[in-house]
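Presented below is the structure to which this report refers.
First the proteins, then the strands, lettered A, B, ... as listed; each starts at 1.
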Amino acid sequence: MSLPKAYDPKAVEDSIYTMWEESGAFTADAHSTKESFTISMPPPNATGQLHLGHAVMLALEDIFIRYQRMRGKEALWVPGTDHAAIATESVVIKQLQKEGMRDPRKELGREKLVAKIAEFVGKSQNSIRSQIRKMGASCDWSRERYTMDPILNRCVNEVFVKMYADELIYRGHRIVNWDPKMQTTVSDDEIEYVEQKAPYYTFQYGPFQISTARPETKFGDKYVVMHPDDERYKQYKDGDTFVAEWINGPVTATVIKDKDAIDPSFGTGVMTITPWHDHVDFDLAERHGLQKEQIIGFDGKLLPIAGEFEGLSIEKARPQVVEKLKQKGLLVKVDENYVHRVAVSYRGKGIVEPQIKEQWFIDVNKPVVPWKRKKLSLKQIMQEVIRTKLISIIPERFEKVYFHWIDNLRDWCISRQIWWGHRIPVWYKKTDRAADMHVGVLPPKGEGWEQDSDTLDTWFSSGLWTWSTLVDPSLAESYDLSLDDLFKKSPDFQKFHPTQVMETGYDILFFWVARMILMTTYATGDIPFETVYLHGLIRTRDGKKMSKSDPETMIDPLDIIPKYGADALRLSMIVGQSPGADSRLYEEKIAGYRNFINKLWNASRFVLMQCDQAKTDPRTLTELPDSDTLSLADRAILHATEVLIEDVTKALEDYQLSDAGSRLYSFVWDYFCDWYLELSKGGANLSVLVHVLRRILTLLHPYCPFMTEEVWASVQPEGAGLLIAEDWPEVKAKQKDPGAFREFQILVDVITAIRKMRSEQNIEQGKNVHTIVYTKVYTKLMEKQAEHIKRLARVGELTIEKQPEKLPNVVSEFLPDIEVHLSLEGLIDVEKERASLAKEKEHLEKIIHSTEQRLQNQDFVTRAPAAVVEAEKEKVRTMKEKVGKIEERFNSLGV
RNA sequence: GGGCAAUUAGCUCAGCUGGUUAGAGCGCCACAUUGACAUUGUGGAGGUCACUGGUUCGAGUCCAGUAUUGCCCACCA
């Protein structure tokens with residue numbers, strides 16, 4: 001039984017993963033009687049490679065799921081991929097363009113392009129699958145789903161139809177964000193703003209002056225809006241009309257008074273509006289029932305309304321329009337330093353132009369959804385489930401952000417003019433579009449029906465992810481079943497929904513998490529998950545976002561794993577990261593955790609060698625000896641191990657993954673390796689040694705599944721199976737021994753003190769520390785380990801001239817009853833010692849005083865929990881005792 | 001403009017409901033090493049806890065303000 005000298009992840013990880021997979025440990029049983037624990041893996045976009053964002057997600061979720069599996073839950077982790085509508089389509093189109101195709105949409109047509117995209121998706125799904133495996137993710141591959149699977153498509157259609165029937169989905173002419181480059185609408189969340197310096201013009205418009213950065217949109221402006229209380233314009237009344245000379249001749253304009261849209265202190269306090277191309281103006285126009293006119297076409301070029309400018313792009317038209325107005329003497333001034341923000345598409349980076357278009361929307365304000373015996377709007381349900389804590393968000397502060405987002409939520413435009421995605425389940429009869437419309441899961445019977453050419457926003461299908469993945473795929477074509485029937489006939493849905501944890505990046509709280517809550521509460525009448533755990537972004541060493549364009553700081557998990565191992569990568573991302581906060585990652589950090597893993601690997605080797613020397617098979621060691629036959633070090637580490645189990649379990653229950661991880665790290669390195677194994681060199685109890693090692697491996701397994709599983713094979717108790725299927729340890733009160741632990745700590749302190757003495761500079765001939773401290777420690781505490789203290793401390797030849805300052809405190813504190821300090825007495829600087837004692841006494845008395853004061857406070861005594869009051873009283877007692885001792889010692893020093 | 005967060009050692013970060021001398025990892029310096037482990041061990045240097053006030057016997061921790069940084073939301077004609 002021997003392990004290689006250094007842990008080599010490359011050599012073992014893949015085969016261990018296969019072993020897990022073949023053992024069936026990943027596969028959950030829908031008919032099990034165990035309590036279920038489900039996580040839906042946020043499906044990576046099927047567009048390419050896994051990056052660190054995925055890696056951190058996989059690491060966190062794998063820890064959750066492995067922990068719960070070991071706790072004895074029926075643990076299910078559903079993997080999958082997302083078709084990522086617009087993202088994928090634009091990637092493939094770009095690729096085809098690179099290959100020489102000018103306009104793939106036109107050249108290929110719908111069917112062929114969709115086939116191309118599907119082919120591309122197939123390839124990248126394969127690479128994603130293998131990458132997820134590389135991370136050690138213990139997900140249930142037998143339940144892998146894809147957002148375009150037939151059953152998921154079925155669910156999408158069912159929900160659409162249901163929402164349509166409930167009048168939550170409607171079709172209307174509304175203002176949307178139009179991406180002329182991709183020729184599609186994009187959602188509010190898919191827009192980002194880029195700051196741009198653009199000239200800011202002020203023009204004369206009839207009797208008013210108006211300002212704009214976009215004169216090319218102003219052709220159709222025929223309303224001027226002002227605040228009703230604005231003194232400057234009180235002679236104008238709402239509805240007044242006037243004629244103004246404008247770009248292409250005179251126009252008749254109407255005065256509108258509106259108190260919400262206008263800030264009188266800004267600029268001239270007057271504006272004209274362009275309802276067709278501005279969200280705010282659109283709302284205003286709707287409020288006042290104003291006319292709207294399209295100025296810019298869907299191709300981004302000006303329409304006939306622009307007169308001589310028709311057909312020009314915005315960029316070209318702007319200077320020309322300005323020039324014309326200038327010549328007419330209508331240009332009042334130009335501010336060249338104006339900075340405004342331009343909306344660009346998150347995906348295609350094209351400039352987004354608001355447009356009015358006929359689109360499909362989800363109404364978020366209509367109170368028609370039954371929820372716990374009330375009728376609520378989707379917005380209200382989204383608020384309700386968080387407010388009532390049916391769903392809790394970690395960290396909590398994101399709840400505020402979430403509420404704020406909902407307050408500003410407008411109806412959700414769900415139709416997209418792209419081809420890749422779930423096609424809208426609506427059919428029109430060619431002859432009379434408006435009159436003959438069919439909304440249904442299946443196409444209507446009869447001739448002449450044509451399906452809506454639009455597809456659904458990708459978040460529509462992602463919003464169903466937690467449950468559409470659990471509906472039985474074999475029912476995809478059982479069209480006689482309703483949505484509720486589908487739920488009832490799906491064992492997975494019955495067993496595993498709602499899920500327990502949704503773990504994802506805070507950057508898609510709105511995109512996705514909120515939409516899942518919306519769609520799931522509506523469709524299933526239940527929440528999609530109980531807890532939302534939001535992780536932060538992984539940044540570079542300098543706190544910048546990692547990007548492919550900067551290979552210096554870019555960390556690719558696929559490079560890291562072969563080099564340092566998946567375990568090291570996992571630890572380096574988890575320890576030191578708190579939920580909702582960004583963290584930094586760089587190679588040295590990963591190397592540090594690789595060292596840790598190697599350290600434990602070697603510690604395990606050492607344990608195995610000890611067993612080997614004693615001709616004992618570690619696997620036969622299953623019983624712990626009675627505690628009174630054990631050495632102090634053994635009893636101490638057994639105690640510490642139990643406390644470790646307690647701490648780690650509690651931290652994991654509270655989703656404090658970083659805490660649990662660093663607790664394990666320091667236990668293994670600082671305590672198990674540096675102290676316990678060192679001391680055990682003088683004669684270890686193998687049962688204890690192996691027991692503690694097993695505990696460590698078990699507790700660490702969720703974090704470092706590969707290495708722990710590999711070592712486990714050598715030390716597992718007879719009859720045990722894989723570590724992945726091992727039970728999480730229970731705390732055993734019997735093995736706790738705080739007394740032994742404290743005593744051991746004393747020993748550690750004494751040894752440390754001796755080490756310090758050794759390193760003191762001015763050591764000369766004189767007293768022999770060895771004889772003073774070591775003999776006492778030897779006889780009193782550590783009979784078995786005496787030789788090793790000697791070895792550790794290396795005090796054999798050590799002699800001192802002067803007493804180092806820290807030693808007497810340590811020794812006198814812990815070994816007050818022996819002649820240690822008497823022997824040392826002559827070496828002590830009496831004045832210094834007295835001064836430090838006085839200081840300590842003063843300090844203690846202060847605390848005693850304040851605590852006593854608090855105890856006299858009736859408020860405190862009656863309101864605080866009894867245990868706290870007791871603890872305070874106990875504190876006073878022990879501190880008084882301490883003061884007594886200090887006084888005693890102080891007096892004994894006074895000569 | 002509104003909101004959220006952060007500011008602790010050269011770097012990356014812990015520090016829970018206030019309580020003895022503020023911790024860790026990396027880096028740095030010195031020493032050690034035929035030993036489970038150089039992917040190692042021991043020791044050391046290095047911090048006015050951003051600043052100013054306040055509450056308290058006691059503040060890195062609580063409160064108020066200031067500064068700097070980051071993020072989110074809304075956007076201005």
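Scored by the ring pair (Phe, Tyr, Trp, His ring centres under 6.0 Å) test, A/Phe282 finds no partners at all (sequence neighbours excluded). For A/Lys563, the salt bridge (charged side-chain N to carboxylate O under 4.0 Å, His left out) test picks out A/Glu587, with sequence neighbours left out.
Rounded to whole Å, atom P of B/C71 lies 18 Å from atom NE2 of A/His404. The separation between A/Tyr402 atom OH and B/A5 atom P is 19 Å, rounded to whole Å. Spacing between atom CG of A/Asp674 and atom C1' of B/A24 amounts to 14 Å, rounded to whole angstrom units.
Base pairing annotation: B/C11 forms a Watson-Crick or G-U wobble pair with B/G25, both donor-acceptor distances under 3.5 Å. Shown here, B/C31 forms a base pair with B/G41; the pair counts as Watson-Crick or G-U wobble because both key distances fall under 3.5 Å. Base pairing analysis places B/A5 opposite B/U69; the two distances defining the Watson-Crick or G-U wobble pair are each below 3.5 Å.
A/Ser578 comes within contact range of the sugar-phosphate backbone alone, with a heavy-atom separation under 4.0 Å but no base atom that close.
Put simply, A/Trp669 has no side-chain N or O that comes within less than 4.0 Å of OP1 or OP2 on B/G25. For B/G41, the OP1/OP2 oxygens have a side-chain nitrogen or oxygen of A/Lys599 closer than 4.0 Å. Between A/Asn602 and the phosphate of B/U40, there is no side-chain N or O to OP1/OP2 separation shorter than 4.0 Å.
Nucleotides B/U69 and B/U56 are separated by 35 Å at their P atoms, to the nearest Å. Across B/A5 and B/A24, the matching C1' atoms stand 24 Å from one another, rounded to whole Å. Nucleotides B/A14 and B/U7 are separated by 15 Å at their C1' atoms, to the nearest Å.
Between the CZ atom in A/Phe667 and the CG atom in A/Leu600 there is a gap of 11.0 Å [rounded to 0.5 Å].
A/Leu693 places a side-chain heavy atom less than 4.5 Å from the side chain of A/Leu697.
With salt bridges taken as basic N to acidic carboxylate O contacts below 4.0 Å, one links A/Glu216 and A/Arg214.
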Between the protein and nucleotides 7-12 of chain B, list the N/O to N/O atom pairs that are separated by less than 3.5 angstrom.
{"unit_1": "B/U12", "atom_1": "OP1", "unit_2": "A/Arg584", "atom_2": "NH1", "d": "2.9"}
{"unit_1": "B/U12", "atom_1": "O4'", "unit_2": "A/Tyr586", "atom_2": "OH", "d": "3.2"}
{"unit_1": "B/U12", "atom_1": "O2'", "unit_2": "A/Lys589", "atom_2": "NZ", "d": "3.4"}

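A/Tyr564 and A/Tyr593 have their aromatic ring centers separated by at least 6.0 angstrom.
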